[in-house]
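In what follows, every heavy atom counts, from backbone to side chain, and hydrogens, waters and symmetry copies are set aside. Bear in mind the structure is a predicted one, so any value in this text is a computation, not a measurement. Proteins get letters first, then strands, A, B, ... in listed order; numbering begins at 1 in each.
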Amino acid sequence: MNIIINNEYITFENLSDFDLGQTLECGQCFHFEKIDEDEYAFVAYDNLYVGKQKEDKLIVQTFRPGDVSQLVNYLDLNRDYAKIKKELLKRDNKLKAAIHEKGEVRILNQEFSETLMSFIISQNKQIPHIKKIVADISKKYGAYLGSANGSDFYSFPDIKTLSKIEINDYKELKTGFRAPYLYDASVKLNSYVDELNIVNKERAEIDNIIKRDIFGQLNVNEAREKLKEIKGVGDKVANCVNLFSLSYRNAFPIDVWIKRIMEDIYFKNEVSKEEIQEYAEKLYGELGGYAQQYLFFYGRDKGLGK
DNA sequence: CTCCAGGCCGTCC
DNA sequence: GGACGGCATGGA
């Protein structure tokens, strides 16, 4: 991979095992819009990016001076996915079709607070509606970041701002029964900031400190239980946060889709979530998160097990 | 009109 | 500890 910086444009050359569209559309994040063929506007932390990819070349427009390494880390571009896929196929050749079709997905390293709130919203909702609510919350409480293709983009509200949002405010944003859950999450997020005595820090740094000092010493099971202290967070939401934000690549979230897909591919009949969890752990081990995402995206696209 | 959505909670046994 | 209904809202 080669990186060239020219004013507000960052160009990545010789990319491998990466597709921006696949990475954003696979269901791991909700704060983006497709604005043209192979062109996406996406928000990470308090940055807006507009990326256009042609084969192994990606050009990203930025909207304020920032650290390139932040974007590289967000997109997980410094990891050897060829090696991961090779190892996964060695463990289980049944992943072949999924990896062949969706093998250019990368697992993002997203901001903890936004990922947590987004996946609390995600329960019992379809992806387009999750995206709408995330955009609405950002528009109402976040900061304006820039415009792309006629649409305005806003940051997801930071923790300090979240702490001022009341249950009824969330209800007005059509979050329904999730409103008290979102409120409780914002209280917990704020308590982390207080507990760690984080003052006067930049947004990304606050995120780093929470990840390091609250979750850094925990294994994936401990982190999941810690997250479940938040109302409205169960096994599935917790594992999504583990995988897509806290970098536990062995987390294997089980939702209605992955359950049906696993039953279709491996079991040929209905099995419990616990059984699937155990099976995935044995089969994929520390690479479970990658396998889960290839399977989820592939299966959802194919309508497997519907 | 019905049924379901990247689930989880409270209550029941 | 396992099963089950309820839950807000929107789209098929």
Can you tell me if [X] has over 12 outside heavy atoms packed within less than 6.0 Å of its [atom1]?
{"X": "A:E278", "atom1": "CD", "answer": "no"}
{"X": "A:K228", "atom1": "NZ", "answer": "yes"}
{"X": "A:Y170", "atom1": "OH", "answer": "yes"}

Any idea which heavy atoms bring A:E104 and A:Q22 closest together, and the distance?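 For A:E104 versus A:Q22, the nearest heavy atoms are N-OE1, 3.0 Å.
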For a quick test of reading the model, state the closest non-hydrogen atom pair linking A:G232 to A:V237 and the distance between them.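 Heavy atoms of A:G232 and A:V237 come nearest at O-CG2, 4.5 Å.
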Pick the [atom1] atom in [N] and in [M], then give their distance to the nearest Å.
{"N": "B:dC9", "M": "C:dG10", "atom1": "C1'", "value": "22 Å"}
{"N": "B:dT11", "M": "C:dA8", "atom1": "P", "value": "14 Å"}
{"N": "C:dA3", "M": "B:dG6", "atom1": "C1'", "value": "23 Å"}

Each nucleotide of nucleotides 6-12 of chain C classed B (base within 4.0 Å of a protein heavy atom), S (only sugar-phosphate) or -, in 5' to 3' order, makes -BBBS--
Is the A:Y40 ring parallel, tilted or perpendicular to the A:F32 ring (thresholds 30°, 60°)?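 The rings of A:Y40 and A:F32 sit tilted, inter-plane angle from 30° to 60°.
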Fit a plane to each ring of A:F112 and A:Y192, take the angle between them on a 0 to 90° scale, and name the class: parallel (under 30°), tilted (30 to 60°) or perpendicular (over 60°).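 Correct class here is tilted.
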Round to the nearest Å and state the distance from [X] atom [atom1] to [N] atom [atom2].
{"X": "A:K236", "N": "B:dA5", "atom1": "NZ", "atom2": "P", "value": "12 Å"}
{"X": "A:D235", "N": "C:dG1", "atom1": "CG", "atom2": "C1'", "value": "14 Å"}
{"X": "A:D184", "N": "B:dG10", "atom1": "CG", "atom2": "C1'", "value": "16 Å"}
{"X": "A:M117", "N": "B:dG6", "atom1": "CE", "atom2": "P", "value": "20 Å"}
{"X": "A:I261", "N": "B:dG6", "atom1": "CD1", "atom2": "P", "value": "11 Å"}
{"X": "A:I120", "N": "B:dC9", "atom1": "CD1", "atom2": "C1'", "value": "13 Å"}
{"X": "A:I258", "N": "B:dG6", "atom1": "CD1", "atom2": "P", "value": "13 Å"}
{"X": "A:D301", "N": "B:dG6", "atom1": "CG", "atom2": "P", "value": "14 Å"}

Same cluster (ILVMFWY, side-chain, under 4.5 Å), A:I137 and A:L145: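 No.
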With nearest nucleotides of DNA chain B determined for A:F244 and A:K231 from heavy-atom distances, which residue corresponds to the more 5′ nucleotide?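 Whichever sits nearer the 5' end wins; that is A:F244.
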Let me spell it out: for each of A:V233 and A:I127, pick the nucleotide of DNA chain B with the closest heavy atom. Which residue's pick is nearer the 5' end?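 Of the two residues, A:I127 wins.
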Between A:F119 and B:dG6, do the rings stack, that is, sit under 5.5 Å apart with planes less than 30° off each other?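 Stacking between A:F119 and B:dG6: absent.
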Under 4.0 Å between any heavy atoms, over every strand shown, what does [X] touch: base, sugar-phosphate, or nothing? Just pick one.
{"X": "A:P128", "answer": "nothing"}
{"X": "A:G232", "answer": "sugar-phosphate"}
{"X": "A:C26", "answer": "base"}

Interatomic distance, A:L108 atom CG to A:Q293 atom CD [nearest 0.5 angstrom]: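 The distance works out to 9.0 Å.
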Looking at DNA chain B, which of residues 266-294 of chain A put a heavy atom within less than 4.0 Å of it?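 Hits under 4.0 Å, by residue number: A:Q292, A:Q293.
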Using only side-chain N and O atoms of A:R260, determine if any of them is under 4.0 Å from OP1 or OP2 of B:dA5.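 Yes, A:R260 has a side-chain N/O under 4.0 Å of OP1/OP2 on B:dA5.
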Show the numbers, then the answer: is there a ring-ring contact (aromatic ring centres under 6.0 Å, His included) between A:Y49 and A:Y74? CA-CA 12 Å; A:Y49 302 101; A:Y74 179 75; 7.3 Å; no
